J.: 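I have a structure I would like to understand better, so I am pasting it below and will then ask my questions one at a time.
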There are 2 protein chains.
Amino acid sequence: MAKPGSPSQLTERSRGRSAETRRTLVTAAVTTLQEVGFGGASARAIAERAGVPQGLVFYHFGSVANLLLAALDAVSAERLAHYGEALAGVESPQDLVAAARDVFTEDLDAGYVTVLVEMIAGASSTPGLGPEVAQRIRPWIDFTREAFTRQLGGSPLGAVVPAADVAYGIVALYLGLEMLSHLDGDRRPALALFAHAANLARLLEALT
Amino acid sequence: MAKPGSPSQLTERSRGRSAETRRTLVTAAVTTLQEVGFGGASARAIAERAGVPQGLVFYHFGSVANLLLAALDAVSAERLAHYGEALAGVESPQDLVAAARDVFTEDLDAGYVTVLVEMIAGASSTPGLGPEVAQRIRPWIDFTREAFTRQLGGSPLGAVVPAADVAYGIVALYLGLEMLSHLDGDRRPALALFAHAANLARLLEALT
DNA sequence: GTCTATACTTGGATAGAC
DNA sequence: GTCTATCCAAGTATAGAC
């Protein structure tokens, strides 16, 4: 049961091919989660999208769950990097809310958060998956905490409520909004909330 | 393909038996969703818990999805009735937050919201399920909107933010918190948020 | 090391027995 | 009208070919 990627006996050709197959499968796993959810993300469904035989899922990842976790890793890395860029120019709570709204819209359009939501919900039905998913969410909460601390740590709000708790709540809200918006295909209620948040941010700035 | 419950040819005995089988299946569907999620809620898994043969799922409900929707209906009805009672004695924003916290704890303990979350996430993988689930969530949002309007409609917050938007956000937050708390089995971060909300409610009351 | 063909299991659904 | 025996599709996983 040799793991792929082991160093011995690898030709240039086979090494490159393996890596590409893995990449293809990971990409296909992401789109499968987006299109048919965790429940529909079988080895067959993913492999078909990837254009490779179904057995390769098990050869390269050992199980469907592992492949889905790899997909989650890929999306997390991609998004966190992007969030970092999006927040680079932020200099006020108002900017922060605006950036959050833009990022939310992107996430919804591209279905990035769907992947996360499906994995969280799906974790209930696959033994051992829960902790793995939980671990992969922590960076999102940490990122949010830091962004909040930077822009609002010194404000009246930051004085009353610990950043860690707020960050947890914001991520929860983000996931919930994604879930509801995705469910009925209407993002307007969610975007309305961002607009109100912008108003409150303006109000808060006026106080300081 | 006669639907059960048709009036003709029914003995007292058979009518009672059918209703009881349906009830048993619905209850089993709820616990199955709670224990193994949407992905694990197969006709066989549910029927085993109900102690009835698997084919009865299709006889009585036509499909697994229909049975799961019936389970969601049962939970929704039960919870909305209970929420109504819990809010009967509420006379201030502070009371409202306290009641919400109690209800949240109950929901988490009994796994009621898990059913909802699993159905929302699972809707992605079953064609046609989305709208059905969306329809069943609307009452939760309406209920929240009314509760908010009653206690905070006249406050500064109510003046700035439309109740409908807030209600949507609160339900989203509620679902997200349930999802995260359930995932890593730690409800403390969520409960901390309710504590902060209580403080803010107190603050708001001081202003009015 | 990489991948394909095949074994085995579980699940949805229904034809027909009671 | 109610339920059971059975069928077929879809899923996971691996033994063995290249």
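Source: prediction; values computed, not measured. Both backbone and side-chain heavy atoms feed into the values below; hydrogens, waters and symmetry mates do not. Below, chains carry the letters A, B, ... as their sequence lines are ordered, and counting in each starts from 1.
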J.: Rounded to the Å, how far apart are A:L56 CG and C:dT2 P?
T.: 11 Å
J.: Is any side-chain heavy atom of B:Y168 closer than 4.5 Å to a side-chain heavy atom of B:R145?
T.: no
J.: So, is A:R22 close to the C:dT2 phosphate, meaning a side-chain N or O under 4.0 Å from OP1 or OP2?
T.: no
J.: Describe, as an angle rounded to 10 degrees, how the axis at the first end of the helix from C:dG1-D:dC18 to C:dC18-D:dG1 is tilted relative to the axis at the last end, five pairs per end.
T.: 0°
J.: Please check: side-chain N/O of A:R22 versus main-chain N/O of A:H60, any donor-acceptor pairing under 3.5 Å?
T.: yes
J.: What donor-acceptor contacts under 3.5 angstrom involve side-chain atoms of residues 129-139 of chain B, with partners at least two apart or in another chain?
T.:
residue	atom	partner	partner atom	Å
B:E132	OE1	B:R136	NH1	2.9
B:R136	NE	B:D73	OD1	2.7
B:R136	NE	B:D73	OD2	3.4
B:R136	NH1	B:E132	O	2.9
B:R136	NH2	B:D73	OD2	3.3

J.: Name the atoms and distances for all side-chain donor-acceptor pairs under 3.5 Å in residues 170-184 of chain B, with sequence neighbours left out.
T.:
residue	atom	partner	partner atom	Å
B:Y174	OH	B:F104	N	3.4
B:Y174	OH	B:D107	OD2	2.6
B:E178	OE2	B:T114	N	3.4
B:E178	OE2	B:T114	OG1	2.8
B:S181	OG	B:L177	O	2.7

J.: Treating B:S155 as the side-chain partner and B:Q151 as the backbone partner, does any N or O pair qualify as donor plus acceptor under 3.5 Å?
T.: no
J.: Please give, in whole Å, the distance from D:dG11 P to A:L68 CG?
T.: 13 Å
J.: Side chain of B:T126, backbone of B:A123: donor and acceptor closer than 3.5 Å?
T.: no
J.: Take a 6.0 Å sphere around CD of B:E48 and say whether it holds more than 12 heavy atoms from other residues, nucleotides or ligands.
T.: no
J.: Using a cut-off of strictly less than 4.0 Å, decide whether A:S63 has a side-chain nitrogen or oxygen near OP1 or OP2 of D:dT12.
T.: no
J.: Taking A:G62's backbone N and O only, do any of them form a donor-acceptor pair with A:N66's side chain (distance below 3.5 Å, no angle check)?
T.: no
J.: Find the distance A:I46:CD1 to D:dA10:P and express it as a whole number of Å.
T.: 16 Å
J.: Is any side-chain heavy atom of A:V64 closer than 4.5 Å to a side-chain heavy atom of A:F58?
T.: yes
J.: Tell me if a side-chain donor or acceptor on B:E118 pairs with a main-chain N or O of B:F38 at a distance below 3.5 Å.
T.: yes
J.: What are the atom names and distances for every N/O pair under 3.5 Å that joins the protein to nucleotides 16-18 of chain C?
T.:
none

J.: Can you tabulate the close N/O pairs, meaning under 3.5 Å, that link protein atoms to atoms of nucleotides 10-12 of chain C?
T.:
residue	atom	partner	partner atom	Å
C:dG11	OP1	B:S42	OG	3.4
C:dG11	N7	B:R44	NH1	2.9
C:dG12	OP2	B:A43	N	2.8
C:dG12	N7	B:R44	NH1	3.3
C:dG12	O6	B:R44	NH1	3.0

J.: Taking only distance into account, with no hydrogens and no angle test, what donor-acceptor pairs under 3.5 Å do side-chain atoms of residues 188-200 of chain A form with protein atoms, sequence neighbours excluded?
T.:
residue	atom	partner	partner atom	Å
A:R188	NH2	A:D186	OD2	3.4
A:H196	NE2	B:D165	OD2	2.7
A:N199	OD1	A:R202	NH1	3.2

J.: Side-chain N or O of A:Y59 less than 4.0 angstrom from OP1 or OP2 on C:dT2?
T.: yes
J.: Output yes when at least one side-chain N/O atom of B:H60 is less than 4.0 Å from OP1 or OP2 of D:dC3, else no.
T.: yes
J.: Write down the distance between CZ (A:F61) and C1' (C:dG1), rounded to a whole number of angstrom.
T.: 16 Å
J.: Can you tell me if the side-chain N/O atoms of B:S18 get under 4.0 Å from OP1 or OP2 in D:dT2?
T.: yes
